[in-house]
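Numbered from 1 within each chain, the chains take letters A, B, ... in sequence-line order.
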Amino acid sequence: MKINAFITHKKAERFMDCQDRFSVNVDTKSIAVSDGMGSSWQQKIWASLLVEAFTSDSSWVPTRENISRLSYDWKKGVECFINELEQRQTSPNCSDIEKKQILSQIYRNKRNLLERKSAGATLVGIRFLDGDKFETTVLGDSCLIVWDGTKAEFLTSQNNCEFDSYPDYFDSDPLKEGKGTVKNEVFNIEKNTYLFLVSDPFSEFLWERTKDNKIKDYIDELINLSSHEDFELLVDKWRREGMGNDDTTAIIISQDESNVLNKGIIDKIEEFIERETSSVKPANTTPQMVSSENVQNSTNNNEVNPEDLSKEIYHNCRKTWSGINIYNVIIRSLRQKLKIKKTESKSKFEELTINSIREVLNNYQIYKKS
Amino acid sequence: MFPKGIWNKKIKNSQTMKNDMQWSSATPGLLIILLDQSGSMLHDYEGTTRTQFASTAVNKVIDNIIQKNFDGDAPKNRCFISVIGYNHNVKELCSGWLKDLDASPLRYETLKKKQPDGAGGIIEIEVTQPVWVEPIQDDGATNMLGAFKLAQDLVTQWITDNPDRPAPVIINISDGVPYYNGKDPRICMQETTTLVNEIMNLSNKDGNVLVFNAQIDTSNGTVKYPSDRNSVSQEEAKFLFDITSVVPDSYKSAAEKNQLPIKDGSRGCVFGADGVDLIQLIDFGSSKGQGDREL
């Protein structure tokens, strides 16, 4: 069996903002996805703890006692996070601006701890058993989808597959109940069946596709993913077709000749975050600009579609109230990323229209990385 | 570049628009708070002065909005907040995206707060509260018209640039009526009413711009979210009623959750607001944008 696992963030945010987490452990034959709730706090830590607990020990199940023990780890994790902030603040390398930001981070995290705020997260996990069976555990709107080639079966703890803003969840405070009842089920592994563990944007979107009998085409697109870049393009496409703008995770388990679990393409969110923190940041803290990832695939002569690109840049700039600097940063980073040779100087921001941006880009010689 | 005004659809104040779009990083909202800083705000109110009372409420609400959008690392920029103070002058007191505001309060002050201890009891804890808006010290007139003009400019620019974002919300906190340039207050009220009606007719795809009002003056008792103009007797209160939006249907669940006495046709205004009422109004005004952001 082959496992591919993909993850991406909400549009206009970054991987460091992503509150989904997943874990794949071929030794314990366990796979899990957790979605931290946006309405809570330090939910990334909570989601990570849930998926790691589920996959590191093949006997771990989310009983009240086990969740309570995990809550202790969550609180320790938060305290450790605050301690690290306090140490960073006293570091001689910390600039005044960073110190101010860290001061408010410390204030808010300490305040939340004092006010007993907690984190919430969903969980969907599967564990392969002996004898061609697997068991599932699910709480919330993260979902297991079983696809036999013609029919999709959805497993969530939500009643009637209701996807709203109030999913079931585990709470990181042991004195709080959380919401909903964990659903457990054991399945036989049927031949040629695909399994998908997905977070709620996919859950809801694909559920809606079953209603208009178009699910097969969409499932095939998921099955045929062969890279993280493909996944980003697919998510972008489905968002334009109405999929919710939220952190998105999909794990695809396909069968091959062997019964052994093998890892295929496994996204590493820590690496994505590392890449983000080491890259150049825009000059201000306005909403995150969408990257040039919406660049269309190449035409016959490997040219970027200037109209799409210019619209993207234009709209991103117009979203800010100080677009000039952002525009410069975007053009500079685009030039670096796409190896654009500058043949003409760029116009002033105030004079730019969509046509002007297109004209400027058309004058560039654009080489897309192969 | 889109010509100015292309998205500025001037329609009648209609209930067909929904105002149900949530603030998000991709579609952030705009919240404008207009804060009366005229001389009458130096009068006593609720154990302090009106200006101290109102400033504390505004600081608390900004802090709450930031806190609601804080995930542990930083606040998400789901909203741009602008606080505009007005006396005879009109000036911006603080403005910024949530992350910028969070990183740059004027100062922090220490307050005492009661909360459950998790074992059935109540404990008192010290909390640090950031301050962005300070109370006034000096006398001045009430150029509410000027404040709404600045708000109109901000809102018009926002709607032109961002037709697909949530409709802006304006919350006005005052203890009286406009008075500027030595004019008859009735003329000031008429001019301000005309302008605010223009603002309430601005709209984008999400709906009309919403204007909510809080009067911090208890001389005529307390009235909350009235639907009938005659439920307030003072001419000044009727004026504020006239420059307040009807609460859209999409706000009903927030009203129920906060146990606010809102029914069909209720306007988003509170007269004789105490501390809880004022914070509730501002919170409520920004609630649809924030969705249900707490466990």
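The environment of CD in Glu124(B) is crowded: more than 12 heavy-atom neighbours from other residues, nucleotides or ligands sit within 6.0 Å. More than 12 non-hydrogen atoms from other residues, nucleotides or ligands lie less than 6.0 angstrom from NZ of Lys99(A). Environment of OH in Tyr108(B): crowded, with over 12 heavy atoms of neighbouring residues, nucleotides or ligands closer than 6.0 Å. Heavy atoms from other residues, nucleotides or ligands lying under 6.0 Å from CD1 of Ile97(A) number 12 at most.
At a threshold of 4.5 Å between non-hydrogen side-chain atoms, the residues Lys11(A) and Thr27(B) do not count as touching. Within the 4.5 Å cutoff, the side chain of Gln43(A) has heavy atoms near those of the Asp71(B) side chain. In this structure, Asn112(A) and Gln67(B) have side chains that are in contact, with non-hydrogen atoms separated by less than 4.5 Å.
Residues Asp102(B) and Ser104(A) come closest through the heavy atom pair OD2-OG, 3.0 Å. The two atoms that bring Ala26(B) and Ala12(A) nearest to each other are CA-CB, 3.7 Å, heavy atoms only. Taking each heavy atom of Tyr107(A) and Pro130(B) in turn, the nearest pair found is OH-CD, 3.0 Å. Considering every non-hydrogen atom in both Gln101(A) and Ala103(B), the closest pair reads CG-CB, 4.0 Å. Closest of all the heavy-atom pairs between Glu13(A) and Ser25(B) is OE2-OG, 2.5 Å.
With a threshold of 4.5 angstrom between heavy atoms, Lys110(A) does not approach chain B through any atom at all. For Gln19(A), the part lying under 4.5 angstrom from a heavy atom of chain B is the side chain only.
Near-neighbour residues of residues 241-248 of chain A relative to chain B, defined by a heavy atom under 4.5 Å from a heavy atom of that chain, comprise Asn245(A).
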#### Entry: Working for side chain to side chain contact (heavy atoms under 4.5 Å, CB included), residues Asp63(B) and Arg111(A)
CA-CA 11 Å; Asp63(B) 194 32; Arg111(A) 176 181 155 177; 2.2 Å; yes

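When the side-chain hydrogen bond (donor to acceptor under 3.5 Å, both in side chains) test is applied to Gln52(B), the partners found at least two apart in sequence or on another chain are Thr56(B).
Between the NZ atom of Lys117(A) and the CZ atom of Phe70(B) there is a distance of 10.5 Å, given to the nearest 0.5 Å.
With Gln105(A) contributing its side chain and Asp73(B) its backbone, the two residues share a donor-acceptor pair below 3.5 Å.
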